[in-house]
Protein chains: 2
Amino acid sequence: MLAHRLKQARLRAGLSQEKLGKLAGIDPMSASARMNQYERGKHSPDYQLMCRVAEILNMPVSWFYTADDEQARLQEIFYHLDANTRRPLLTQAESLIAANPPSNSSASNGNTAQPTTAN
Amino acid sequence: MLAHRLKQARLRAGLSQEKLGKLAGIDPMSASARMNQYERGKHSPDYQLMCRVAEILNMPVSWFYTADDEQARLQEIFYHLDANTRRPLLTQAESLIAANPPSNSSASNGNTAQPTTAN
DNA sequence: TCACTAAGAGGTTCTTAGCTT
DNA sequence: AAGCTAAGAACCTCTTAGTGA
């Protein structure tokens, strides 16, 4: 996932792998190799570096960790809106979830606070 | 960030560190130590493991990589909405961003596709 | 039972030094 | 110029074994 989003955002910004790496503060000697390794999914960058990359590419960090395209798109939009414009979006989101039953918030495991028989 | 969100979501689900680790497929012998190291920010888990943890805690993975609380909240809500209910939210988002000028999408670096003088 | 930790074993990334397109 | 890679050095995580709340 991260690899794909990285390439997507870098190309949109019109930067080379090496240039992006340098801007993100990577040692210029290894910027090219490292960014290539990340973008091809050979190695994975730590979160701190991704925060700097995200800033440079003007995207929310979490976007790089998002698989679903619709979720990614919403994050991107929200990130680029100013505080006042964000408000109505959040408000609508809150009312939609209130009107729709998420059935149970901590689902998928049969945890109902039983005293844990054995484990 | 990840450390904090992990604790937040785990406590909400009413699971112990060890139990969550086991459910996520970690070797039962080291589940406790590892989850504790992640939650205290001592070490950081790889993305693949976080995907499994996210599923168990019924949250979108990207949520764990989100610093901003409003962004996190929006992601959480969107994730719990069904496809049909997501639609109007995305539509409003798209129209808000269309009405508001993000000034320039790939900002913050002076890149305007010049032939790159030197580097 | 749950949270937490030190420290060595084990596994990953980073750097270097290239080659290819 | 840009993309890409092997392989060892350097670094980080995982496991074990155990303490404290």
Side-chain angles (χ1 to χ4, degrees), chain A residues 1-53 56-57 61 64-65 106 109-119, chain B residues 1-53 56-57 61 64-65 106 109-119:
Chain A
M1 188 69 279
L2 195 144
H4 175 249
R5 298 259 180 246
L6 201 51
K7 182 170 193 173
Q8 215 182 319
R10 178 181 63 81
L11 292 178
R12 253 201 282 186
L15 294 168
S16 69
Q17 297 173 340
E18 184 178 25
K19 218 177 217 171
L20 175 55
K22 284 176 181 169
L23 287 170
I26 294 176
D27 172 359
M29 288 304 294
S30 53
S32 169
R34 284 180 62 183
M35 291 309 297
N36 186 274
Q37 287 158 347
Y38 300 148
E39 206 167 293
R40 300 199 66 87
K42 183 74 191 300
H43 298 316
S44 56
D46 65 24
Y47 185 64
Q48 194 173 33
L49 177 65
M50 281 313 298
C51 287
R52 293 197 297 271
V53 168
I56 290 156
L57 297 178
V61 220
F64 294 90
Y65 299 92
S106 66
N109 54 65
N111 192 285
T112 329
Q114 253 102 21
T116 310
T117 323
N119 211 138
Chain B
M1 189 70 279
L2 196 144
H4 175 248
R5 298 258 180 247
L6 201 51
K7 182 169 192 174
Q8 215 183 318
R10 178 181 63 82
L11 291 178
R12 253 201 283 187
L15 294 169
S16 69
Q17 296 174 341
E18 184 177 25
K19 219 177 214 171
L20 175 55
K22 284 176 181 171
L23 286 169
I26 294 177
D27 172 359
M29 287 304 294
S30 52
S32 168
R34 284 180 62 185
M35 291 310 297
N36 186 273
Q37 285 158 348
Y38 301 148
E39 206 166 295
R40 299 198 67 87
K42 182 75 193 297
H43 298 318
S44 56
D46 64 25
Y47 184 64
Q48 195 173 34
L49 177 65
M50 281 313 297
C51 287
R52 294 198 296 273
V53 167
I56 290 156
L57 298 177
V61 220
F64 293 91
Y65 299 91
S106 66
N109 54 65
N111 193 285
T112 328
Q114 253 103 21
T116 309
T117 325
N119 212 136

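The figures here come from the full heavy-atom set of this structure, side chains too, leaving out hydrogens, waters and symmetry mates.
A side-chain donor-acceptor contact under 3.5 Å links B:Arg52 to the backbone of B:Ala24.
Protein atom CD of B:Gln48 is 14 Å distant from nucleotide atom C1' of C:dT12, rounded to whole Å. Across the protein-nucleic acid pair, B:Asn36 atom CG and D:dA21 atom C1' stand 13 Å apart, rounded to whole Å. If you measure from atom CD of A:Glu39 to atom P of D:dA2, you get 13 Å, rounded to the nearest angstrom. In this structure, A:Leu15 places its CG atom 10 Å from P of D:dA2, rounding to the nearest Å. Taking atom CE of residue B:Met35 and atom C1' of nucleotide C:dT1, one finds them 17 Å apart after rounding to whole Å. Note: CD (A:Glu18) to C1' (D:dT5) measures 15 Å, nearest angstrom.
Side-chain contact between B:Leu6 and B:Met35 is present, with heavy atoms from C-beta onward closer than 4.5 Å.
Applying the side-chain contact (heavy atoms from CB on, under 4.5 Å) criterion to A:Ser44, with sequence neighbours excluded, gives no partner residue. Residues passing the side-chain contact (heavy atoms from CB on, under 4.5 Å) test with B:Ala3: none are found, sequence neighbours excluded. Remark: B:Gln48 pairs with no residue by the side chain to side chain donor-acceptor pair (under 3.5 Å) rule, at least two apart or across chains.
Side chain B:Ser32 to base C:dC2: no donor-acceptor pair is found below 3.5 Å.
Shown here for B:Ile26 and B:Ala31, the closest heavy-atom pair between the two residues is CG2-CA, 3.6 Å.
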Any N/O pairs under 3.5 Å between the protein and nucleotides 13-16 of chain C? List them or say none.
from, atom 1, to, atom 2, distance (Å)
C:dT13, OP1, A:Ser44, N, 3.0
C:dT13, OP1, A:Ser44, OG, 3.2
C:dT13, OP2, A:His43, ND1, 2.9
C:dC14, OP1, A:Arg34, NH2, 3.3
C:dC14, OP1, A:Tyr38, OH, 3.4
C:dC14, OP2, A:Tyr38, OH, 2.5
C:dC14, N4, A:His43, NE2, 3.4
C:dT15, OP2, A:Ser30, OG, 2.7
C:dT15, OP2, A:Arg34, NH1, 3.1
C:dT15, O4, A:Gln37, NE2, 2.9

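Relative ring orientation between B:Tyr65 and A:Tyr65 is described as parallel, the plane-to-plane angle staying below 30° on a 0-90° scale split at 30° and 60°.
Close to C:dA3, at under 4.0 Å from its OP1 or OP2, lies no side-chain N or O of B:Arg40. In this model, the phosphate group of C:dC2 is not approached by any side-chain N or O of B:Arg10 to a distance below 4.0 Å at OP1 or OP2.
Among residues at least two apart or in separate chains, side chain to side chain donor-acceptor pair (under 3.5 Å) pairs with a member in residues 29-39 of chain A are A:Arg10-A:Glu39, A:Gln17-A:Asn36, A:Gln17-A:Glu39, A:Arg34-A:Tyr38.
Relative to the axis of its first five pairs, the axis of the last five pairs of the helix from C:dT1-D:dA21 to C:dT21-D:dA1 sits at 40°, rounded to 10 degrees.
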Report the C-alpha distance between B:Met50 and B:Val53 in whole Å, list the side-chain angles of each, state the deciding distance to 0.1 Å, and finish with yes or no for side chain to side chain contact (heavy atoms under 4.5 Å, CB included).
CA-CA 5 Å; B:Met50 281 313 297; B:Val53 167; 4.3 Å; yes

